[in-house]
Amino acid sequence: MVSYNIAEKIRVELEEMIRNSIRGAQEEGELPPFDVPVVPIEASRDRSHGDFATTVALTLARSARMAPRAIATILAKRISAPCGYVERVEVAGPGFINFFLNRVWLEETLIMIEDAGTAYGTSDFGGGARIQIEFVSANPTGPMNVVNARAGAVGDTLANIFAAAGYQVSREYYINDAGNQVDVLGKSVELRYRQLLGEPVELSPECYQGDYITDLARRALDERGRDIASMSDDERRNFFKSYAVAEILRMQRESLRNFGVEFDVWFSEKTLEDSGADKQVMEILDSKGLLYEKDGAIWFKSTAFGDDKDRVVVKRDGKYTYLLRDLAYHKNKLDRGFDRIIDIWGPDHHGYVARTKAGVQALGYPQDALEVLLLQLVTLYSHGEQVRMSKRAGEFITMDELIQEVGKDAARYFFVMRNIDSHLDFDMELAKEQSQENPVYYIQYAHARLSSIMRQAAELGVKYVPAREANLGLLAEDAEVELIKKLAAFPDEIIAAARDRAPNRIAKYALDLAGMFHSFYNSYRVLSDDRELTAARLVLANATRIVLRNLLGILGVSAPERM
RNA sequence: GCGCCUAUAGCUCAGUGGAUCAGAGCGCCGGCCUCCGGAGCCGGGUGCGCAGGUUCGAGUCCUGCUAGGCGCACCA
């Protein structure tokens, strides 16, 4: 795979320079013998500290038994700059080695972006490892809520990030279509159906009360008429159960699709039951001596794998617990050959993390095969007031309503803009705002502006000169140099977001990049009488637009050419 | 009682494997369109919850505390 990561290329080169310096200094006795370490090279945060820097001298101080600054000086002296990308090297502070680069890497960055196009930002960081990410997996008992929406945006964006970072990604949705809740669902719809027929029945308190239940009952009545009523009790119960689940699932899938979220696999819990997969898990645990009976139930010795207490897997009534079924599911996932499986759960499920991981280990998989991300909840605000919701009473804003209200683009961006560990306050007015206060519009506006410039250029008959042929040395203003550096950092930003499972980093990076462009735009004209400068700036504008478009693609937000 | 998450500017939040970070936006005040889209830009200032610890160096790591959120089922 072609690498489009200039920063990586530079890091490799700089690291090699330093390692050679260390070896050379050791051979000549300037440094004592020790194993040559991995040399960390990082982009400098402050311009006055060069473009890249290493702290290797500081970390070496102990093993070399020398002052870090002395080590840095010895190493820096051995680097013959200018050379390659390096203009000059300096020692600073307690022992940092700062690298000041020449313009070559900036110009290569622009050429690379133009070559790569939509592929710019991708890398082979993941090495093609197979990663599966399961998210949303809402109960099929009602419409999607805003927390499901956040999970959808976060999961899908993360999946996009993984794909860009060089992983093979599979998106999966677990359908909780077995167990008590779907029985209750079926019963709820059945009772509403009978009410529609005029029967004097009441919904019991555990039933789902929302209007959608009545809608489902009415639809069943429209489609199937009264013949459902003449079924046997068992038949009718099963009919409503499967009818309701299928219909709700269809609605959920539609909601997600409207939100730009599509899954590779929809996995039914019921199939685990039907195939005896849960029973098989019991046999494995039993054969390993990890089961025991107590108080009429069967327990899994999860404490043997770090859980704080053992867990029931077969209830006194002989039924399997959710945990057991979930272990069967995770076994199924791991048996499909993924190198890593990631679950996104709500914070209310955090108690299940330790026991599920214990189970995965007990079944013979590596400790880190399963990774659970706990995504914090969402509070909607409207006109500064918290929007109160009660699912039991059927009073809540659904995912569909929210998206209809604020739009898909704003919703997707808002849901990922915070750290997943942080509770999200979602300001509906801000999401709808069409001004700089709204980060989504701010970013999209930058893209539209760039598109407009490219259009203008075409209309004026200004021919686009490819980066290789343009005089990129003319892009020397601070605003231009900073912008190019930001563009150069894009592949690393994706890698960092993948590594940290942090989609918010991409949202932030996009905002920063848009800001840098707007700033540049206000100070300098792209299209001018100076043909050479115009050509160079068009290359920069085009590169910026490519990166913004790729970023918005990862976020699942549209990149409009006009607004 | 136990567990997970959170605590950074008046507000909402960034701060990537410690160092060469205290930052952005909003709000407030003042500026910028004979010029590619003003849905834009520029300038103005205050802060890492508290207490210890590790280190040459701590918003960042460790411990304890305080405050807030969410959990702690033989429910799913």
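Within every chain, numbering begins at 1; the chains are lettered A, B, ... in the order of the sequence lines, protein sequences first and strands thereafter.
Contact of A/His423 with B/G69 (side chain to base): no donor-acceptor pair of N or O atoms is detected under 3.5 Å. A donor N or O paired with an acceptor N or O is not found under 3.5 Å between the base of B/A39 and the side-chain atoms of A/His518. With hydrogens and angles ignored, no donor-acceptor pair closer than 3.5 Å exists between the side chain of A/Tyr352 and the base of B/A73.
Following rounding to the nearest Å, A/Lys508 (NZ) and B/C13 (P) show an atom-to-atom distance of 14 Å. Between the CZ atom of A/Arg69 and the C1' atom of B/A19 there is a distance of 14 Å, given to the nearest Å. Residue A/Arg355 contributes atom CZ, which lies 12 Å from atom C1' of B/A76 at whole-angstrom precision. Here B/U6 presents its C1' atom at 13 Å from CG of A/Leu374, a figure rounded to the nearest Å. Atom P of nucleotide B/A19 and atom CD1 of A/Ile41 are separated by 16 Å, given to the nearest angstrom. Rounded to an integer number of Å, the gap from A/Phe96 CZ to B/A19 P is 8 Å. Separating the CE atom of A/Met516 from the P atom of B/A24 is a distance of 13 Å, rounded to the nearest angstrom. The distance from atom CG of A/Leu58 to atom C1' of B/G17 is 15 Å, rounded to the nearest whole Å.
Between the A/Thr157 side chain and the A/Val154 main chain, no donor and acceptor come within less than 3.5 Å of each other.
Across the P atoms, B/A19 and B/C62 are found 15 Å apart, a figure rounded to whole Å. Separation of the C1' atoms belonging to B/G31 and B/G68 is 42 Å when rounded to the nearest angstrom. Nucleotides B/U55 and B/C13, compared at atom C1', are 30 Å apart to the nearest Å. Taking the P atom of each, B/C61 and B/C26 are spaced 30 Å apart, rounded to whole Å. Only the P atoms considered, B/U6 is 14 Å distant from B/U16, to the nearest whole Å. Nucleotides B/C21 and B/G30 have their P atoms positioned 35 Å apart, rounded to a whole Å. When the P atom is used for both B/A22 and B/C2, the distance is 38 Å, rounded to whole Å. Comparing the same atom, C1', in B/C41 and in B/C33 gives a spacing of 11 Å after rounding to whole Å.
Within the 4.0 angstrom heavy-atom criterion, only backbone atoms of the sugar-phosphate kind lie near A/Arg418; the bases stay farther away. Heavy atoms of A/Phe426 sit nowhere under 4.0 angstrom from any nucleic acid atom. Here A/Asn176 lies out of heavy-atom contact (under 4.0 Å) with every strand. No engagement by A/Glu206 is indicated, since no non-hydrogen atom pair under 4.0 Å with the nucleic acid exists. In this structure, A/Thr55 reaches the bases: a heavy-atom distance under 4.0 Å links it to at least one base atom across the strands shown. At the heavy-atom level, A/Ala92 lies under 4.0 Å from base atoms of the strands shown. Across all strands, A/Arg505 comes closer than 4.0 Å to base atoms (heavy-atom distances). Looking at heavy-atom distances under 4.0 Å, A/Asp492 makes no contact with the nucleic acid at all.
Comment: A/Arg316 does not engage A/Asp295 in a salt bridge, judged by the lack of any side-chain N to carboxylate O separation of less than 4.0 angstrom. A salt bridge links A/Glu480 with A/Arg537: the distance from a Lys NZ or Arg NE/NH1/NH2 to an Asp or Glu carboxylate oxygen falls below 4.0 Å. Remark: A/Lys357 does not engage A/Asp307 in a salt bridge, criterion side-chain N to carboxylate O under 4.0 Å.
Of the listed nucleotides (B/C41, B/C74, B/A39), B/A39 has the atom at the smallest distance from the side chain of A/Tyr441. For A/Thr59, taking side-chain heavy atoms from C-beta onward, the closest of the listed nucleotides B/A39, B/A19, B/C36 is B/A19. When the nucleotides B/A14, B/C74, B/C70 are ranked by their closest atom to the side chain of A/Ala297, B/C74 comes out on top. Across B/G3, B/C74, B/C36, the shortest atom-to-atom separation from the side chain of A/Asp295 is found for B/C74. Closest to the A/Asp421 side chain, of the nucleotides B/G37, B/U6, B/A76, is B/U6. Of the candidate nucleotides B/U16, B/A14, B/C41, B/C41 has the atom lying nearest to any side-chain atom of A/Tyr442. For A/Trp299, counting side-chain heavy atoms from C-beta on, the closest listed nucleotide (B/C74, B/G37, B/U6) is B/C74. Among B/A76, B/C36, B/A14, the nucleotide with an atom closest to any side-chain atom of A/Tyr521 is B/C36. For A/His350, whose side chain is taken as the heavy atoms from C-beta onward, the closest listed nucleotide among B/G71, B/G37, B/A19 is B/G71. Nearest to the side-chain atoms of A/Gln376 among the listed nucleotides B/C70, B/A14, B/C5 stands B/C5.
Ring geometry for A/Phe414 against A/Phe426 counts as tilted: the plane angle lies between 30° and 60°, on a 0 to 90° scale.
Smallest separation of non-hydrogen atoms from A/Asn438 and A/Ala431: ND2-O, 2.9 Å.
No side-chain donor-acceptor contact under 3.5 Å links A/Ser44 and A/Asp51. A side-chain N or O of A/His330 and one of A/Asp343 form a donor-acceptor pair less than 3.5 Å apart. Checking A/His423 against A/Arg418 by side-chain atom types alone, no donor-acceptor pair falls below 3.5 Å.
Note on A/Ser519: a side-chain N or O is less than 4.0 Å away from OP1 or OP2 of B/C42. Using a 4.0 Å cut-off, some side-chain N or O of A/Arg449 falls inside it from OP1 or OP2 of B/G38. Close to B/U16, at under 4.0 Å from its OP1 or OP2, lies no side-chain N or O of A/Asn504.
The closest side-chain heavy-atom distance from A/Gln456 to A/Leu527 is below 4.5 Å.
B/G59: glycosidic angle within 90° of 0, hence syn. Taking 90° from 0 as the syn/anti boundary, the base of B/C33 is oriented syn.
Residue order along RNA chain B, read from the 5' end via each residue's closest nucleotide, puts A/Glu42 first among A/Ala448 and A/Glu42. Residue-to-nucleotide proximity on RNA chain B shows that, of A/Leu424 and A/Val312, the 5′-proximal contact is made by A/Leu424.
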- [ ] Let me have RNA chain B in dot-bracket notation, would you? Count Watson-Crick plus G-U wobble pairs, both distances under 3.5 Å, and use [ ] for pairs crossing earlier ones and | for inter-strand partners.
- [x] (((((((..((((.........)))).(((((.......)))))....(((((.......))))))))))))....

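With A/Tyr322 as the aromatic partner, A/Arg325 does not meet the cation-pi criteria of under 6.0 angstrom to the ring centre and within 45 degrees of the ring axis.
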TODO: Step by step, work out the side chain to side chain contact (heavy atoms under 4.5 Å, CB included) result for A/Lys294 and A/Tyr292.
DONE: CA-CA 7 Å; A/Lys294 193 182 89 179; A/Tyr292 64 90; 4.1 Å; yes

